[in-house]
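See structure below.
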Amino acid sequence: MNAVETDYLGVVTDGRVTINSNTLDEISVATQGVTVSAIKSLAKELNWDANSLAASIGTTMRTLERYSKD
């Protein structure tokens, strides 16, 4: 079986943090946060629809759309 391993941490942080990153990179992302586009990329990798994405992070589609425009 050929398993494709995806670095989901890298996806959700737009590559700023990966499984091989150092602690300072992780702290930087923790203080700055992640972008809506990165969150949407993660949802795409997981084959989630937008409503599932919003529910999983405790927000609404309307809030995601609002922050997508910024």
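Because only heavy atoms are used, hydrogens play no part in the values below, and waters and symmetry mates are left out as well, while side chains stay in.
- At a threshold of 4.5 Å between non-hydrogen side-chain atoms, the residues Arg16 and Asp25 do not count as touching.
- Formation of a donor-acceptor pair under 3.5 Å by the Thr59 side chain with backbone atoms of Thr63 is not found in this model.
- Within the model, atoms OG1 of Thr35 and NZ of Lys40 stand 10.0 Å from one another, a figure rounded to the nearest 0.5 Å.
- Here the shortest heavy-atom pairing between Leu53 and Trp48 reads CA-CE3, 4.1 Å.
- Here the closest non-hydrogen pair linking Glu26 and Ser21 is OE2-O, 3.8 Å.
- Side-chain atoms of Leu9 and Thr18, non-hydrogen and from C-beta on, never get closer than 4.5 Å to each other.
- How far CG of Leu46 is from OG of Ser56: 8.5 Å, rounded to the nearest 0.5 Å.
- Checked by atom type and distance alone, the side chain of Ser68 pairs as donor or acceptor with a backbone atom of Leu64 at under 3.5 Å.
- Annotation: the span from Asp7 atom CG to Asn20 atom CG amounts to 7.5 Å, rounded to 0.5 Å.
- Taken from CD1 in Ile57 to OG in Ser52, the straight-line distance is 11.5 Å, to the nearest 0.5 Å.
- Val29 and Ile27 are not part of a single hydrophobic cluster, where members link through side-chain heavy atoms under 4.5 Å apart.
- If you take OG on Ser37 and CG on Asp14, they are separated by 5.0 Å, rounding to the nearest 0.5 Å.
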